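All values below were derived from every heavy atom in this structure, side-chain atoms included, with hydrogens, water molecules and symmetry-related copies excluded. Just so it is clear, the structure is predicted and the values come from calculations on it, not from any experiment. Order of the sequence lines sets the chain letters (A, B, ...), proteins ahead of strands, with each chain counted from 1.
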Amino acid sequence: MAETEPLYIYNTLSGKKEEFKPIAPPFVGLYTCGPTVYSDAHLGNVRTFLTFDIVYRYLTFLGYNVRYVRNITDVGHLLHDADEGEDKIEQRARMEKIEPMEIVQKYTNGFHDTVKTFNLIPPSIEPTATGHIIEQIEMIQRIIDNGFGYEVNGSVYFDVKKYSEQHDYGELSGRKIDELLEQTRDNLEGGNEKRFFADFAIWKKASNETIMKWPSPWSEGVPGWHLECSVMSTKYLGPQFDIHGGGMDLKFPHHECEIAQSVGADGINPVKYWMHGNMLTVNGTKMSKSLGNSFLPHELISGDHPLLDQGYSPMTVRFFFLQANYRSTIDFSNDALVAAEKGLKRLMNAVNLLDKLTIAEKTTIDIDSLIISCEKSMKDDFNTPITLAHLFDGVKMINSINDNKDQITKTDLKRLKDHYFNYVFEILGLKAENEESESRGLPDELMSLIINLRNQSKDNKDWATADLIRDELKRLNISIKDSKDTSTWNYEN
RNA sequence: GGUUUCGUGGCCGAGUGGCUAGGCAGUGCUCUGCAAAAGCAUCUACAGCGGUUCGAAUCCGCUCGAAACCUCCA
């Protein structure tokens with residue numbers, strides 16, 4: 001692998017693409033905000049995790065030793081207002097009449113199934129908030145000791161006003177603290193324990209009924225939502241690490257608060273490169289549970305949802321996402337998914353052809369520029385749509401060789417195969433989905449029997465019988481496709 | 001209301017101060033007993049109005065439109 005071109009990453013902190021320089025190469029620390037496991041992850045959630053799956057895969061491909069940390073939020077994420085509502089998991093547990101930790105387990109399992117379905121590589125470490133209560137309490141103490149936290153009635157708040165006198169609260173999201181006050185739609189209402197409207201809870205005293213709570217120097221309570229990411233990233237990646245990812249909607253306040261907490265506790269700006277993935281939209285509007293326009297992965301695959309004309313395979317969805325830049329919104333539609341389905345098939349057909357090409361004395365295609373182009377586009381802030389475009393240029397080449405219009409030598413074919421293997425499977429994380437061949441056994445043998453009989457009819461030019469077999473199978477949702485000397489079959493969806 | 005981003009051909013989506021994005025659909029062709037599939041070729045574009053420039057879809061301004069964030073959200 002030619003390791004010459006630098007990698008550029010769009011850093012939210014600066015608002016531009018910057019050359020990626022790891023703090024301690026060959027090691028790279030990558031942290032992504034994981035799910036709050038109080039309900040099923042929907043497709044929009046999947047998109048963000050996919051974005052960082054690509055980052056992880058590509059950095060690894062480049063030879064970096066990546067430690068990828070993605071947390072599970074299993075406590076502390078409150079409803080409605082980050083500091084006032086009920087814990088999401090507790091509320092859900094009450095609704096389903098089970099233990100909060102059962103909720104956590106149930107939806108953690110579901111999340112793992114989902115990410116596996118879409119072929120996401122598991123993180124190196126997947127820490128939970130409840131597993132790091134002690135560390136969170138320690139961090140709160142450091143924040144208090146440094147004068148950036150204060151206790152009121154057993155709860156501890158981060159003193160944003162004080163912090164902003166010495167530091168830039170808003171450096172990530174571009175907000176100005178004094179403007180924030182006027183711009184906030186709902187300003188401070190009465191009965192609030194906070195000294196300043198922008199302060200946020202880092203420890204919240206729990207009510208008597210609350211099941212999930214822990215002792216602390218201030219009260220029995222729960223840690224604030226923003227805190228866990230600061231604590232766990234620091235613990236596993238150090239006080240300063242390379243890349244922090246998450247959805248665009250977490251930029252403010254969540255990530256802004258993370259910075260403030262780390263600086264407040266340890267005096268170090270925790271992250272060199274902030275990356276934010278954009279939203280999945282439906283008819284131009286953000287997919288979200290509250291709007292009722294979200295659907296779950298299994299609904300997408302089965303097609304069992306009012307917004308869906310049909311089901312789409314996980315790899316179709318993965319390909320669909322990769323056709324857009326992670327920093328752009330991508331709009332869901334059935335047309336777009338159908339297009340992705342066909343595009344993916346075209347790509348995969350060509351990849352499969354690679355094993356069947358005949359070798360020649362010379363090579364008449366330009367493999368070098370294909371390889372260089374793909375490297376260039378991936379190193380330009382993980383530009384997967386351009387990379388796919390290059391790979392489709394290569395598809396033309398492959399087909400052309402297959403049609404004997406171009407030629408390739410043994411060595412070059414090996415390079416081409418390696419290239420597609422690397423990019424399609426390793427970097428973009430696509431995989432073959434031959435669902436019809438999954439442990440078919442008997443049907444497979446029956447079908448080859450039928451196809452053989454039909455081929456005999458064809459050999460005898462008994463078209464009526466051959467067509468009858470094909471038509472009758474079609475009624476059973478099985479389609480027959482004749483190529484030059486063989487016939488293939490598959491289930492129709 | 002504030003902040004930010006965006007408005008590309010039938011659809012999805014890149015990119016960029018002058019040079020083909022790509023995928024899907026459409027059209028034509030090849031292959032084929034027929035069909036399907038597949039392959040090849042090919043058409044339509046840069047919201048509107050001004051400005052900067054030799055030249056702008058790309059830079060600047062305004063208008064219109066959309067979205068995200070400012071509340072929990074990936």
Study note, to complete from the structure: Walking RNA chain B from its 5' end, the first of A:Asn283 and A:Asn349 to be reached, judged by nearest nucleotide, is A:Asn349
Exercise for review: Select from A:Asp380 and A:Lys458 the residue whose nearest nucleotide in RNA chain B is closer to the 5' end of that strand.
Suggested key: A:Asp380
Identify which nucleotide among [options] has an atom closest to any side-chain atom of [X], counting heavy atoms from C-beta outward.
X: A:Asn325; options: B:A14, B:C12, B:C24; value: B:A14
X: A:Asp249; options: B:G33, B:A14, B:C69; value: B:C69
X: A:Asp403; options: B:G39, B:A14, B:C34; value: B:G39
X: A:Lys88; options: B:A68, B:G23, B:C72; value: B:C72
X: A:Lys286; options: B:G23, B:G33, B:C69; value: B:C69
X: A:Arg175; options: B:C12, B:A36, B:G2; value: B:G2
X: A:His77; options: B:C72, B:A14, B:G22; value: B:C72
X: A:Lys481; options: B:G33, B:G23, B:A37; value: B:A37
X: A:Ile386; options: B:A21, B:A37, B:C34; value: B:A21
X: A:Asp331; options: B:C24, B:C40, B:G13; value: B:G13

Study note, to complete from the structure: For B:C69, the nucleotide meeting Watson-Crick or G-U wobble distances (both under 3.5 Å) is B:G2
Check your understanding: According to the Watson-Crick and G-U wobble definitions, with both distances under 3.5 Å, which nucleotide is paired to B:G7?
Key -> B:C64
Any side-chain N or O of [X] below 4.0 angstrom from OP1/OP2 of [N]?
X: A:Ser328; N: B:A14; result: yes
X: A:Arg346; N: B:C40; result: yes
X: A:Asn278; N: B:A74; result: no

Check your understanding: With no hydrogens and no angle check, do the side chains of A:Thr117 and A:Thr114 hold a donor and an acceptor under 3.5 Å apart?
Key -> no
Practice item. Report yes if the distance between the aromatic ring centroids of A:Phe111 and A:Phe49 is under 6.0 Å, otherwise no. Key: yes
Review point. With a centroid cutoff of 5.5 Å and a plane-angle limit of 30°, would you call A:Trp463 stacked on B:G33?
Key: yes
Point to revise | pair A:Leu172-A:Thr12: side-chain heavy atoms closer than 4.5 Å | key: yes
